[in-house]
Each structure stands twice: as structure tokens, then as C-alpha cells.
*Asks:* 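Here you go, one structure.
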Amino acid sequence: MELGNSSAVSNGKQFSLCNFTKFQRPNERPSLSLLPHQSKASCSLPRRRCALRASLKEIDISTEKKVKKMSGELEHSILTALSPLDGRYWGKVKDLAPYMSEYALIYYRVLVEVQWLLKLSQILEVKEVPTFSNDAVSFLQGIVDGFTVGDALAIKNIEKVTNHDVKAVEYFLKQKCESHPEIVKVWDRFIDSTDAEITCFFGLPHVLEFFHFACTSEDINNLAHALMLKEALNNTIFPVIDHLIDAISNMAKDNAHIPMLSRTHGQPASPTTLGKEMAIFAVRLSRERRDISEVEIMGKFAGAVGNYNAHLAAYPGTNWPHIAEEFVTSLGLTFNPYVSQIETHDYMAKLFHAVYRFNNVLIDFDRDIWGYISWGYFKQITKAGEIGSSTMPHKVNPIDFENSEGNLGIANGVLSHLSTKLPISRFQRDLTDSTVLRNMGVGLGHSLLAYKSTLQGIEKLQVNKARLSEDLEQCWEVLAEPIQTVMRRYGVPEPYEKLKKLTRGRAVTKESIREFIEGLELPKEAKTELLKLTPHTYVGAAVELATTSVNAVKSVIQRC
């Protein structure tokens, strides 16, 4: 019995169920009111209904308690992750974790803080930070190179007290260095002889307060985010993108000579080749990949509002803009001198929109391949044990391309928001960018998952030449285009109209086309060439375009 029904049948008689009264409170269930002809004694079914409702209420309460208990007991795992990227799909996107996770953000903050202290030790005016010995440099570099998840957890524990994530990094580094006995060398800057080198007992504890010197949190964060993006793209995203482009490029080369019926507006159109259609996507994606790689990943290091206020207050005679540029470029980033408290994020908008465009082209590819599979142009290689449908055993669904399309949509939703939101900040800064930036890995993660899904789908494809040929053989009307075009060349009147009369809304066969050509007043050579045409051979320059697309893709990628 469905709980929503308004009546029920029992013992061959129909009983009208209780009328519902309005809810008095959000969790209050409706009371039962009897119809005039019913008495409490005779209304046995509503009583059972009321008993059922009481039972359901008990189940609801029990379930609610159980869920609350579970939420306190469940440990984070693939099964309990809120995001499918960290759950179901973790195995396919985990390569991004070293660059896009909370751990990665903390690691790159540590890297920037350490590198800034090392940079300060090289500035002559900053006498309070001596030139470090090789051992001291190795110790500091070892903090970065040996950074572990345990170190990140230690910083998170400090953050529980500070309630400030960047300050927690500073305190962590001070704790790491405060007991280090390393002796460092320093040039004696207090005597006239600049060549005199002395050994001083300056340990790292003497320079602890120069961690985070003259920095605002965003000096550290913007460089950390920039390095996260740069490393994620170079080490994870680009290799998969290049593999994907290569796979589609190989499809173009391998199928360059296989004729295929085109469809414009979903209707049969002039033939092409399967390879040439794949070539279009290979070249398009390579161009978008180039645009992604050409985005300059930028950084700032100019203090609280971008003017080096604190730097110049402490060391007025120092060229801090030049030092900041040296420092940012030493990290492999492009220096942005015109900033507020934050780097303006314009490069991020450009970058994320470039990835968005790449994804959009890939959605187009996924949908086309999905259509070609549905028409039978491709078969899908089956894998032992896999099930396409829980009820239809024959089905082999194009799930990889569907999965890719779905994830590209999610990715583009996030990337679009990143692109439009990040360049906007109230006055010298607001905090809205901070939480949004934590979702960079979401946009890139769903993109990476989609790329791998498309690659997996491509590996299963098998061209069905017989089906492609069958479609072409049933569409001799596509030769109307070349026939009327040749007729134009030789001055035959109303060529388009004559072909329209022959083909539009009528069944066109090989015989009817040949008969039409034979009746044309054309030079013998022209007529002979037209009679040679078939839907299988009328492919124009498609073969050449497909075969040369490999070089076209290479030339684009080489400029990346």
C-alpha cells in the first residue's frame, strides 16, 4: 500500500481515509478526522493507518539518532568523503594532491618563508641576518625538502591556537630552528676592510624574527598558490592533456582514409573522413593547450597594501621593489609590481578561462563520439566482467564519454566562478578570494578526471567500417552538391533548382543520379568525372587534412 493514496480497499469495500489537518508545527504529523458516517468503532483501517504513522515516526527518530551517532564515529575515508574526488575517484585524481591539497598549500607556504629568509641573508643592508654557512642553508633547505604530512599536521595544531594559518607556519619554522646550534659565517660589515671575513657565532635562533619579515599573509599565500598552479599544470595536467591530444591525433592519422557521412543540422551532408573529423579536435585542443601554457603565472611581494611600507620603515635606503622582483622571479614566477594587498588574480582568471575553453572543446568531442557510437560507427571493446545495464545484458554503454562530459560540466562551473570572482576584491582587499582559492583543486580535479575518462573511452573504440559504408551507400543525394557546382561551371541554367527537384524529399539512388548526369549537356570529360563520383569517394581534401594534422598539432605544441 502506498502511503500517499487517498483511499484503500479492504474486504471488497472502499473506505475513505482520514482527512488531513494542517501541520501545527514543522515536525507534527496530521491528525485523523472521521467522516460523518464513520464511528470510532467502525474505523478500523484508519486506526491501522495511525499505528503505521506512529511506527514510522519511531523509525524517523531512530534513524536520526543513528545518523548523528555515525557522523561522530565515522573516520574520513574514501567511503565517507563528501567530495567524490576524495572518495570514489580518488585513485584517478590523487596525482593532484601533492599540488592542490591543504598539505600542498602548507608546504608551499613553508617553501616561500624559508626562501625569503635565505634571500634576506643575501641583502647587504640587512646586517641582522648574516650570510648563512652551507650547513645552515642545508638545514633550512632540509625543512622544505623533508617536509612531511606530520609537519603539516603540526602546523595545523599550532593553527588551532593562533586561528591564523600563515602565522602558524611562521611559528612552526621558529620552533624548528630555535634550538639549532649551527654556526654561520658573516662578512664583517662593521669595519672598513670589506675583504675581511670572520667567523661569528650567530646561530639560526638569532634570526628567528626575520621569518615573515615585512610580509603580509598574502605575500606568502599568493606565491604559494602560484607555485601550486605551476607545479600542478606542469607535472600533472599537461602530461595528461598531451596524452589526450596524441590519442585523438592518432585517431586522425589512423582513420584518415575512412569515408564517413557528414551531418549538418543532423541531416546527411557532404561526406568527409572519420580521420579528418578527429583532426579538427586534435588541432583545436592543441591550440587551447597552448593558450593555457602561455599564461604568465604571477606573484607579488610588496607588503600590506603593495607599497613596501614596512620594508622602507625598517631599511629606508634599500631598493625593495627590485629585491621583491628578484625574489619572485627566483621562484620561476612573473613579477607583478602593481598590486594592493593581494596579487590581482587577473592571470588566474585568464588561466582558468583557458582551461574552461579546453574543456568546452572536449565536451564537443565527447558528444560527437557518443553520437558516432549510437549510430554504430564505433564499436566498444568489451571487458570481461563488466556490465552495461542491470537489466539489458546486451548493452555496452558509452559511459566513459558520459562521465567525462559530466565532470567537465562540474569543472567548468567551478572554473567559471574562479575566473569571474577572483579578479574582484573590495578596495585593497577582502577575504572572499581566500575560500574560493581553496577550490582550485576542485576545478582542476574534475578536469583531470574527465581527461582520463575520455582517454579510457578512446582506448575502447573500434571503427565499424561496414556501418560507415552502409550509411554512405544510402545517401546518394549528397552528390547533388558536386553535380550542381560542375553544372554552374559549364553554364547549365538553373543547376541548383534542377538538383533540388531531383533530390529534395525523394528517394535518390545510384541509378537515378547516373541517369541525371547522363542527361546533362556537359563536356565528356566533366561528365566522366561526375560518373566516377560516389558518396564514398566524394570527400574533397579530407584525407590530406587528416594526414597533415599530425604536423599541425606538433607545430602548435612546440610553441607551448
*Asks:* Regarding E497 and K500, does a basic nitrogen lie under 4.0 Å from an acidic carboxylate oxygen?
*Replies:*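 No salt bridge links E497 with K500.
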*Asks:* So, are R367 and E405 salt-bridged, with charged N and O less than 4.0 Å apart?
*Replies:*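 Between E405 and R367 there is a salt bridge, with a charged N closer than 4.0 Å to a carboxylate O.
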*Asks:* Is a donor on one side and an acceptor on the other found under 3.5 Å between the side chain of S469 and the backbone of A466?
*Replies:*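 The answer is no, because no donor-acceptor pair under 3.5 Å joins these two groups.
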*Asks:* Give me the ring orientation class for F378 and Y372: parallel if the planes are under 30° apart, tilted from 30 to 60°, perpendicular past 60°.
*Replies:*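 Tilted.
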*Asks:* State which residues pass salt bridge (charged side-chain N to carboxylate O under 4.0 Å, His left out) with D430; sequence neighbours excluded, sorted by chain then number.
*Replies:*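 Expected list: R426.
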*Asks:* At their closest point, which heavy atom of V478 faces which heavy atom of A269, and how far apart are they?
*Replies:*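 It is CG1-O, 3.4 Å.
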*Asks:* If only atom types and distance count, is the side chain of K452 paired as donor or acceptor with the main-chain N or O of K92 below 3.5 Å?
*Replies:*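 Checked: pair present.
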*Asks:* If only side-chain N and O atoms count, and only distance matters, is there a donor-acceptor pair under 3.5 Å linking T432 with K421?
*Replies:*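 Note: K421 and T432 side chains meet the donor-acceptor criterion.
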*Asks:* Heavy atoms, side chains only, cut-off 4.5 Å: are L422 and F352 in contact?
*Replies:*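 Yes; the side chains approach each other to less than 4.5 Å.
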*Asks:* Do N407 and N403 get their side chains close enough for a donor-acceptor pair, meaning under 3.5 Å?
*Replies:*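 There is such a pair between these side chains.
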*Asks:* Do V110 and I155 come close enough that some side-chain heavy atom pair is under 4.5 Å?
*Replies:*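 Side chain of V110 against side chain of I155, heavy atoms only: contact under 4.5 Å found.
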*Asks:* With ring centroids as reference points, do Y108 and Y99 lie under 6.0 angstrom apart?
*Replies:*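 Y108 vs Y99: aromatic centres not under 6.0 Å.
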*Asks:* Inspect the surroundings of CD in E102 and state if more than 12 heavy atoms from other residues, nucleotides or ligands are less than 6.0 Å away.
*Replies:*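 Count over threshold, so yes.
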*Asks:* Please check this pair: side chain of S101 against backbone of P98, looking for a donor-acceptor N/O pair closer than 3.5 Å.
*Replies:*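 Not at all, since once roles are kept as given, no pair shorter than 3.5 Å links the two residues.
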*Asks:* What is the minimum heavy-atom distance between M298 and N222, and which atoms define it?
*Replies:*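 Shortest heavy-atom contact: O-OD1, 4.3 Å.
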*Asks:* Side chains of N336 and Y347: donor-acceptor distance under 3.5 Å anywhere?
*Replies:*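 Judged by distance alone, the side chains do not pair up.
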*Asks:* Not counting sequence neighbours, list each pair that qualifies as a ring-ring contact (aromatic ring centres under 6.0 Å, His included) and has a residue in residues 232-273.
*Replies:*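 Residue pairs passing ring-ring contact (aromatic ring centres under 6.0 Å, His included), neighbours aside: none found.
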*Asks:* Does the side chain of N235 come under 3.5 Å of the side chain of E231 through a donor N or O and an acceptor N or O?
*Replies:*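 The criterion, which ignores hydrogens and geometry beyond distance, is satisfied for E231 and N235.
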*Asks:* Heavy atoms only: give me the nearest V93-G445 pair and the separation to one decimal.
*Replies:*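 Shortest heavy-atom contact: CG1-O, 3.6 Å.
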*Asks:* Would you check if there is a donor-acceptor pair between the side chains of T454 and D366 at a distance under 3.5 Å?
*Replies:*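 Yes.
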*Asks:* For H536 and E473, test the side chains for any donor-to-acceptor distance below 3.5 angstrom and give the result as yes or no.
*Replies:*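 Present: a donor and an acceptor within the cut-off.
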*Asks:* Is the backbone N or O of D219 less than 3.5 Å from a side-chain atom of T216, with the two atoms forming a donor-acceptor pair by type?
*Replies:*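 Looks like no, no N/O pair under 3.5 Å.
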*Asks:* Could you tell me if E521 and Y490 have a donor-acceptor pair between their side chains, going purely by distance under 3.5 Å?
*Replies:*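 There is no such pair between these side chains.
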*Asks:* Got a donor-acceptor contact below 3.5 angstrom from the H225 side chain to the N221 backbone?
*Replies:*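 Present.
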*Asks:* List the atom of L530, the atom of P482, and the distance in Å for their closest heavy-atom pair.
*Replies:*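 In this case the closest contact between L530 and P482 is CD2-O, 4.1 Å.
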*Asks:* Mind checking whether W375 and R263 have side chains closer than 4.5 Å, heavy atoms only?
*Replies:*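 Yes - at least one pair of side-chain heavy atoms lies under 4.5 Å apart.
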*Asks:* If you define the side chain from C-beta out and look only at heavy atoms, does anything of L533 sit under 4.5 Å from I513?
*Replies:*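 L533 vs I513: side chains apart.
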*Asks:* Return yes if some donor-acceptor pair links the side-chain N/O of S416 with the main-chain N/O of G413 below 3.5 Å, else return no.
*Replies:*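 It does not hold such a pair.
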*Asks:* Would the distance check show the side chain of K300 and the main-chain N or O of I342 forming a donor-acceptor pair, the cut-off being under 3.5 Å?
*Replies:*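 Such a contact is absent between K300 side chain and I342 backbone.
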*Asks:* Tell me if a side-chain donor or acceptor on S249 pairs with a main-chain N or O of D246 at a distance below 3.5 Å.
*Replies:*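 No, S249 side chain to D246 backbone: no donor-acceptor pair under 3.5 Å.
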*Asks:* Could you pull out the closest heavy-atom pair between C475 and P535, with the gap in Å?
*Replies:*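 Taking every non-hydrogen atom into account, O-CG, 3.8 Å.
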*Asks:* Any side-chain heavy atom of N464 sitting closer than 4.5 Å to one from Y377?
*Replies:*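 No, side chains not in contact.
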*Asks:* Any sub-3.5 Å donor-acceptor pair from T236's side-chain atoms to D95's backbone N or O?
*Replies:*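 Looks like yes, one N/O pair under 3.5 Å.
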*Asks:* Using every non-hydrogen atom in the two residues, find where S262 and P271 come nearest and quote the distance to one decimal.
*Replies:*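 Shortest heavy-atom contact: OG-C, 4.0 Å.
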*Asks:* Tell me whether R514 forms a cation-pi arrangement with W476, defined as NZ or CZ under 6.0 Å from the six-membered ring centre and within 45 degrees of its axis.
*Replies:*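 Relative to the ring axis of W476, which defines the angle, R514 lies outside at least one limit.
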*Asks:* If you look only at pairs with a residue in residues 443-472, which of them pass as a ring-ring contact (aromatic ring centres under 6.0 Å, His included), with sequence neighbours excluded?
*Replies:*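 Sorted result for residues 443-472: F358-Y451.
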*Asks:* If you define the side chain from C-beta out and look only at heavy atoms, does anything of D151 sit under 4.5 Å from T148?
*Replies:*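 A side-chain contact under 4.5 Å exists here.
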*Asks:* Taking the side chain as every heavy atom from C-beta outward, state whether H345 and S425 have any atom pair closer than 4.5 Å.
*Replies:*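 H345 does not reach S425 side chain to side chain.
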*Asks:* Kindly check if the number of other-residue, nucleotide or ligand heavy atoms within 6.0 Å of CZ (R489) is above 12?
*Replies:*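 No, not enclosed.
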*Asks:* Would you say CG of L431 has more than 12 non-hydrogen atoms from neighbouring residues, nucleotides or ligands within 6.0 angstrom?
*Replies:*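 For L431, atom CG is crowded (more than 12 foreign heavy atoms under 6.0 Å).
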*Asks:* Counting neighbours of CZ on R287 that are heavy atoms of other residues, nucleotides or ligands and sit closer than 6.0 Å, is the number greater than 12?
*Replies:*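 Incorrect, the count does not exceed 12.
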*Asks:* Verify the distance criterion only: is there a donor paired with an acceptor across the side chains of R488 and Q484 at less than 3.5 Å?
*Replies:*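 Note: R488 and Q484 side chains meet the donor-acceptor criterion.
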*Asks:* Would you indicate whether the side-chain heavy atoms of D242 and R289 approach each other to under 4.5 Å?
*Replies:*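 A side-chain contact exists here, since the closest heavy-atom pair is under 4.5 Å.
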*Asks:* Should D165 and R109 count as an ion pair when the cut-off is N to O under 4.0 Å?
*Replies:*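 So D165 pairs with R109 through a salt bridge.
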*Asks:* With a sphere of 6.0 Å drawn around CZ of R559, does it hold more than 12 non-hydrogen atoms of other residues, nucleotides or ligands?
*Replies:*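 Atom CZ in R559 is crowded, with more than 12 foreign heavy atoms closer than 6.0 Å.
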*Asks:* Atom NZ of residue position K350 - does it have more than 12 heavy atoms of other residues, nucleotides or ligands inside 6.0 Å?
*Replies:*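 Counting other residues, nucleotides and ligands, NZ of K350 stays at 12 neighbours or fewer.
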*Asks:* Under a plain distance cut-off of 3.5 Å, with no hydrogens placed, do D400 and S453 share a side-chain donor-acceptor pair?
*Replies:*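 Distance-only check fails for S453 and D400.
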*Asks:* Run the salt-bridge test on E477 and R504 with the 4.0 Å N-O cut-off and return the result as yes or no.
*Replies:*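 Salt bridge: no.
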